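Every value quoted in this text rests on a predicted model; they were computed, and no experiment measured them. Side chains are part of it too, since the values below use all heavy atoms of this structure and drop only hydrogens, waters and symmetry mates.
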Amino acid sequence: MGFDPEKPSSVSLGQVGDSSSGGISSVKEPLIKEENHHSPENYSVLAAIPPFLFPALGALLFGYEIGATSCATISIKSPTLSGISWYNLSSVDVGIITSGSLYGALIGSIVAFSVADIIGRRKELILAAFLYLVGAIVTAAAPVFSVLITGRLMYGIGVGLTMHAAPMYIAETAPSQIRGRMISLKEFFTVLGMVGGYGIGSLWVTVTSGWRYMYATIIPLPVIMGIGMCWLPASPRWLLLRSLQGKGNVESLQQAAIKSLRRLRGSVVVDSSVEQVNEILAELSSVGEDKEATLGEIFQGKCLKALTIAGGLVLLQQITGQPRVLYYAPSILQTAGFSAATDATRISILLGLLKLVMTGVAVIVIDRLGRRPLLVCGVSGMMISLFLMGSYYIFYNTVPAVAVVALLLYVGCYQLSFGPIGWLMISEIFPLKLRGRGISIAVLVNFGTNALVTFAFSPLKELLGAGVLFCGFGVICVVSIFFIYFIVPETKGLTLEEIEAKCL
């Protein structure tokens, strides 16, 4: 059952463009019209769960590490509870433990740039699961400080690979009607893991060698993730890209894509899978995906625009203060008289639950309202909250309710906007042949900016004061709103091929 990439499909490509122009190439508007001209993709809900669930376990493991490490650093420094002789760690040592996975993630995103399009999304996630497993075992069993850091770095490389491959795999396998919901649910899993890390960490923090148990607790999860990814098929779009570019046996790759699509969509597409594969092939050919990408193309044409959108979103996501604003949560709630503020772990759980609820709201509404409205409204709320926070430290430090409201507003609005939608947009905006490399650059920008903000926050706070710093973050939110309004397109309901044709 062969396929000719040059054969016209049963759906004319002109139908997805502006009918007045007779094609798709002339449509360059930043705002995408609500109506879509492709027919809805058939799929089985039951079949759509595994391709989301197993990659999302990687996001859960990422979130768990954040929550558990905040508790592990308390345990590991305790003379009575650490269970080690090298507990007398300096602040630099603790900083290395905390940021070890972050630097590993930077390494992972660099590795992904080189190998992702060669080995594919599925194998990249299998490799990430293996690194999660080895990293967790090495960290939990570490006899000395250097081995602990080695384990943290290995785990972090798994994080970098996961945050690169998971949104790609989900975006390329999910039906367009629920793609936004699925990728946003990945962020929900990250927050769920964070809350779980805080909760499990609080249970082990008073136990001797509790930090070891915190990392050992999650060892079964990467095993499940790895087995699940071995069972799942490769992304059909990646297989078809390899076919179009002649990287392998064309017939075998296209047959594998058909089988993959049938498994990912369920029995409802058995009769139409051949037609759907032909449509994808034709659409990929029409936007130039049949030509192999060069390194220079990343910074040219459509990919440069995609890189501007994706890189801009993740950059603004970090420099609006997200890595460090929650640093002030304990002191703000304590000033306001909340008894839970005496326990940093309980505060973290409280804020984590709020993040979880608001991410759940985003998951429910994102495919109804679209990406841009949520981004604009959410970032506007962040802007107001940051200016309120700055005003509290400059003018109203006797009215702690101002800071509490600002903190809760910031957390809620971030999880409605930058939190889930940043990762969603970078997973769907890049052309297929450059998606692996493009997303790896975006992930590198994300983790690199996170490290920079984390490093620079304390010196800037001492130099400028907390109030001025928060107001500065608020000004960056204003810039973000203009960036979203004029640069970021709406992709709700569009297939990945339509996004490339209409938005870039």
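Taken to the nearest 0.5 Å, the OG1 atom of Thr173 stands 8.0 Å off from the CG atom of Leu232. One distance of note links OG of Ser101 with CG of Leu153; it measures 8.5 Å at 0.5 Å rounding.
The number of heavy-atom neighbours closer than 6.0 Å to OH of Tyr213, taken from other residues, nucleotides and ligands shown, is 12 or below. Crowding of Phe483 atom CZ: a count of heavy atoms from other residues, nucleotides or ligands under 6.0 Å exceeding 12.
Here the side chain of Tyr155 pairs no donor or acceptor atom with the backbone of Gly104 at under 3.5 angstrom. The backbone N or O of Val488 sits less than 3.5 Å from a side-chain atom of Arg372, completing a donor-acceptor pair. The backbone N or O of Met382 lies less than 3.5 Å from a partner atom in the side chain of Ser385, making a donor-acceptor pair. With Thr69 contributing its side chain and Ile66 its backbone, the two residues share no donor-acceptor pair below 3.5 Å. Of the possible donor and acceptor atoms, none in the side chain of Ser75 sits under 3.5 Å from a partner among the backbone N and O of Ala72. Arg237 contributes a side-chain N or O that, together with a main-chain N or O of Glu172, makes up a donor-acceptor pair within less than 3.5 Å. Looking at Arg121, its side chain never comes within 3.5 Å of a backbone N or O of Ala166 through a donor-acceptor pair. A side-chain donor-acceptor contact under 3.5 Å links Thr495 to the backbone of Glu498.
Taking the six-membered ring where the residue is Trp, Tyr215 and Trp211 present perpendicular rings, their angle passing 60° and hence far from 30°. Note on ring orientation: taking the six-membered ring where Trp is involved, the planes of Phe54 and Trp231 are perpendicular (angle over 60°, cut-offs 30° and 60°).
Tested against His164, the residues Val443, Val111, Asn446 include a single side chain to side chain contact (heavy atoms under 4.5 Å, CB included) partner, Val443.
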Kindly determine whether Ile384 and Leu409 satisfy side-chain contact (heavy atoms from CB on, under 4.5 Å), including the steps that lead there. CA-CA 8 Å; Ile384 294 169; Leu409 180 63; 4.2 Å; yes
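Between Phe189 and Phe52, the ring center distance clears the sub-6.0 Å criterion.
One finds no salt bridge joining Glu428 and Lys492 here, because no Lys/Arg side-chain nitrogen approaches an Asp/Glu carboxylate oxygen to under 4.0 Å.
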